[in-house]
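In what follows, a single structure is set out as structure tokens and then discussed.
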Protein chains: 2
Amino acid sequence: MPEFLYNNKLYYNPVEFAMDRIGGTWKMPILWRLKNRIMRFGELRKDIPHITDKMLTSQLRQLEAEGFIHREVYPVVPPKVEYSITPKGKTAIPIIETIRNYGLELMKKEGIRTK
Amino acid sequence: MPEFLYNNKLYYNPVEFAMDRIGGTWKMPILWRLKNRIMRFGELRKDIPHITDKMLTSQLRQLEAEGFIHREVYPVVPPKVEYSITPKGKTAIPIIETIRNYGLELMKKEGIRTK
DNA sequence: AGAGGTACTAACTTTTTGGAAAGTATTAAT
DNA sequence: ATTAATACTTTCCAAAAAGTTAGTACCTCT
């Protein structure tokens, strides 16, 4: 196992590294929504059920810091901030799709229906 | 977003469901090692750096409970228990591979070398 | 009698993640 | 003067995931 350090955190394998970038409860839902359009903070919040302001802000910041999304601030009042996906962010989309389809497959096997 | 309940836990999307089955720090490393051979508890422990007895046991139990692996106990002393992957478990392998390759790609972009 | 091997199990602590609720800044509209 | 709008920030708290340490059962071998 190729274990390594990055930003003072120890990773045991590439899977862990990938999941640290795009895993967690909210990052994939966010990237998924930005995949082919620009969205404002408020739009994302309305579109992602149950997410809180704090979680949305912190996840957007992390995604930005790691180059998956771009944050454009307009100096107006009230504030306007637009989020868009970057080329790097786009590379995550097929991965998310793969995992999503796998999830659907597992759900089907368990007989889960979402109505 | 198709939100749903399963075993008293609320899921917001299929990605979350999938990651609950095969995510976390240890499940993919375990499945990865079982992908084409049967292994004993002690072998897995030796092969997966940093994992503790507790984590190995609990993750194996969860994987078994969800049908990804099979647990075969031999009534001998000292104890002998063999773990193998099931057909359902095998369906996870390509997903793990996809995520793993994506992790490697991201690592490359960041210039991470594991020597 | 004591040590060694295997696969756990239990109790406890720490770390990480996420959530709730309230507050901030600025300006325009009423 | 107060409210509304937008995009946050802050503090405090709870739950979940993971780690540490120690111990168990059983038999064999020395």
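Bear in mind the structure is a predicted one, so any value in this text is a computation, not a measurement. Letters A, B, ... are given to chains in the order of the sequence lines, protein chains preceding strands, and every chain is numbered from 1.
Distance alone, capped at 3.5 Å, places no donor-acceptor pair between the S84(A) side chain and the I38(A) backbone. Panel note: side chain R71(A), backbone E64(A); no donor-acceptor pair is recorded below 3.5 Å. A donor-acceptor pair under 3.5 Å is formed between the side chain of N13(A) and the backbone N or O of V15(A). In this structure a side-chain-to-backbone donor-acceptor pair under 3.5 Å is present from E43(B) to R40(B).
For DNA chain D, the contact window with chain B, defined by any atom under 4.0 Å from a protein heavy atom, covers dA18(D) to dC27(D) in 5' to 3' order.
In this structure, L56(A) atom CG and dT17(C) atom C1' are separated by 16 Å, rounded to whole Å. Summarising the geometry, the separation between CE on M19(B) and C1' on dT17(C) is reported as 17 Å, rounded to the nearest angstrom. Computed from coordinates, the Y74(A) OH to dA25(C) C1' distance equals 21 Å when rounded to whole Å. Atom C1' of nucleotide dT16(C) and atom CH2 of W26(B) are separated by 15 Å, given to the nearest angstrom.
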>> Return a single string for nucleotides 6-11 of chain C, one symbol per nucleotide in 5' to 3' order, where B is base contact, S is sugar-phosphate-only contact and - is none, cutoff 4.0 angstrom on heavy atoms.
In response: BSBB-B

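Contacts of D53(A) classified as side-chain contact (heavy atoms from CB on, under 4.5 Å), with partners at least two apart in sequence or in another chain: F41(A), R45(A). Checked against side-chain contact (heavy atoms from CB on, under 4.5 Å), L10(B) has the following partners two or more places apart in sequence or in another chain: E3(B), L5(B), Y12(B).
Residue contacts for T52(A): at a heavy-atom cut-off of 4.0 Å it reaches the sugar-phosphate backbone alone, with no base atom in range.
Considering only heavy atoms from C-beta on, L34(B) comes within 4.5 Å of L44(B) through its side chain.
Taking only side-chain nitrogens and oxygens, T25(A) comes nearer than 4.0 Å to OP1 or OP2 of dG18(C).
Remark: K90(A) does not engage E97(A) in a salt bridge, criterion side-chain N to carboxylate O under 4.0 Å. A salt bridge does not link R61(A) to E66(A): none of the charged nitrogens lies less than 4.0 Å from a carboxylate oxygen.
Nearer to the 5' terminus of DNA chain C, by closest-nucleotide assignment, is the contact made by K9(A) (compared with the other of V77(A) and K9(A)).
Considering CD1 of I96(A) and CG of L31(A), their distance stands at 4.5 Å, rounded to 0.5 Å.
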What donor-acceptor contacts under 3.5 angstrom involve side-chain atoms of residues 72-81 of chain B, with partners at least two apart or in another chain?
from   : atom 1 : to     : atom 2 : distance (Å)
E72(B) : OE1    : H70(B) : NE2    : 2.8
Y74(B) : OH     : E82(B) : OE1    : 3.0

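Defining each end axis of the helix from dA1(C)-dT30(D) to dT30(C)-dA1(D) as the rotation carrying four pairs' C1' atoms onto the next four, with five pairs an end, the two axes are found to diverge by 30° to 10 degrees.
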